[in-house]
Amino acid sequence: MQNPPDYRHDTVLPLPLEVKADAWAVDAACSGNPGPMEYQAIDLQTGARVFHFGPIKGTNNIGEFLAIVHALALCWNQGLYDKTIYSDSYNAILWVSKRKCKTTLERNPQTEQLFQIIARAENWLQTHNFRNPIIKWETAKWGEVPADFGRK
């Protein structure tokens with residue numbers, strides 16, 4: 001595939017036509033579950049990393065949740081109220097819509113810092129009326145999400 005495809009003039013990435021380029025893709029990676037977890041966002045127009053966090057002891061689902069909230073908060077702070085956010089995690093999208101991280105991770109001294117970050121993220125969700133579209137990345141149709149860490 002040509003990079004970018006000749007039918008796209010709004011991105012440097014080989015994106016399918018149905019994917020908006022004026023968007024960020026987020027993803028998390030975790031070595032073990034729980035284990036060292038990190039997450040990031042990629043700008044779909046430029047291919048540039050927007051942010052990266054971690055590693056910190058956690059789970060993949062928590063990382064996916066925090067990546068979406070981090071993207072929403074950054075969009076809010078930059079006035080990007082309509083920027084689309086893509087995530088390949090159905091659970092994380094659901095948790096964000098309910099404004100609650102439904103993790104079963106044990107809270108202990110090794111995870112306390114992460115639980116503080118989760119509480120901050122949940123508080124942000126409960127105090128901000130964001131309107132950014134959060135869209136499920138269709139991995140089966142489109143391939144890996146551009147923010148993927150490539151460790152599978």
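What you find for Thr11 and Leu13 is that their closest heavy atoms are OG1-N, 2.9 Å. Of all heavy-atom pairs between Arg131 and Asp82, the closest is NE-OD1, 3.0 Å.
From Asp22, atom CG reaches atom NZ of Lys83 across 4.0 Å, with rounding to the nearest 0.5 Å. Here the straight-line distance linking atom NZ of Lys20 with atom CG of Leu44 works out to 10.5 Å at 0.5 Å rounding. With values rounded to the nearest 0.5 angstrom, Thr104 atom OG1 is found 10.5 Å from Glu106 atom CD. Taking CG of Asn132 as the reference point, atom OG1 of Thr84 lies at 7.5 Å (rounded to 0.5 Å). Here the straight-line distance linking atom SG of Cys75 with atom OH of Tyr81 works out to 10.0 Å at 0.5 Å rounding.
With a 4.5 Å cut-off on side-chain heavy atoms, Gln45 and Val12 do not count as touching. Looking only at side-chain heavy atoms (C-beta outward), Ser97 and Ile134 stay at 4.5 Å or farther from each other. Two residues are said to be in side-chain contact when any heavy atoms from C-beta on lie closer than 4.5 Å; Leu114 and Leu105 meet this criterion. Inter-residue side-chain proximity for Phe130 and Leu125 is flagged as met; some heavy-atom pair is nearer than 4.5 Å. Within the 4.5 Å cutoff, the side chain of Glu18 has no heavy atoms near those of the Glu138 side chain.
Side-chain N or O atoms of Asp88 include none that pairs as donor or acceptor with a backbone N or O of Trp137 at under 3.5 Å. Side-chain atoms of Glu122 come within 3.5 Å of backbone N or O of Cys101 as a donor-acceptor pair.
Counted within 6.0 Å of CD on Gln110, heavy atoms from surrounding residues, nucleotides or ligands total more than 12; the atom is thus considered enclosed. Residue Asn77 places its CG atom among more than 12 non-hydrogen atoms of other residues, nucleotides or ligands, all under 6.0 Å distant. Residue Lys98 qualifies as open at atom NZ: its count of foreign heavy atoms under 6.0 Å is 12 or below.
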Please report, to 0.1 Å, the donor-acceptor pairs under 3.5 Å made by any side chain of residues 49-74, with sequence neighbours excluded.
unit_1	atom_1	unit_2	atom_2	d
Arg49	NE	Gln40	OE1	2.9
Arg49	NH2	Gln40	OE1	2.9
His52	NE2	Glu38	OE1	2.5
Thr59	OG1	Ile62	N	3.2
Asn60	ND2	Glu64	OE2	3.4
His70	ND1	Tyr39	OH	3.0

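The hydrophobic cluster containing Trp76 also contains Val26, counting ILVMFWY residues as joined when their side-chain heavy atoms lie under 4.5 angstrom apart, directly or transitively. In this structure, Phe115 is a member of the same hydrophobic cluster as Val96, with clusters built from ILVMFWY side-chain heavy atoms closer than 4.5 Å. In the hydrophobic cluster analysis, where Ile, Leu, Val, Met, Phe, Trp and Tyr join through side-chain heavy atoms closer than 4.5 angstrom, Tyr86 is grouped apart from Ile93.
Taking Ile, Leu, Val, Met, Phe, Trp and Tyr as members and joining any whose side-chain heavy atoms lie under 4.5 Å apart, directly or through other members, the hydrophobic cluster of Tyr90 also contains Leu94.
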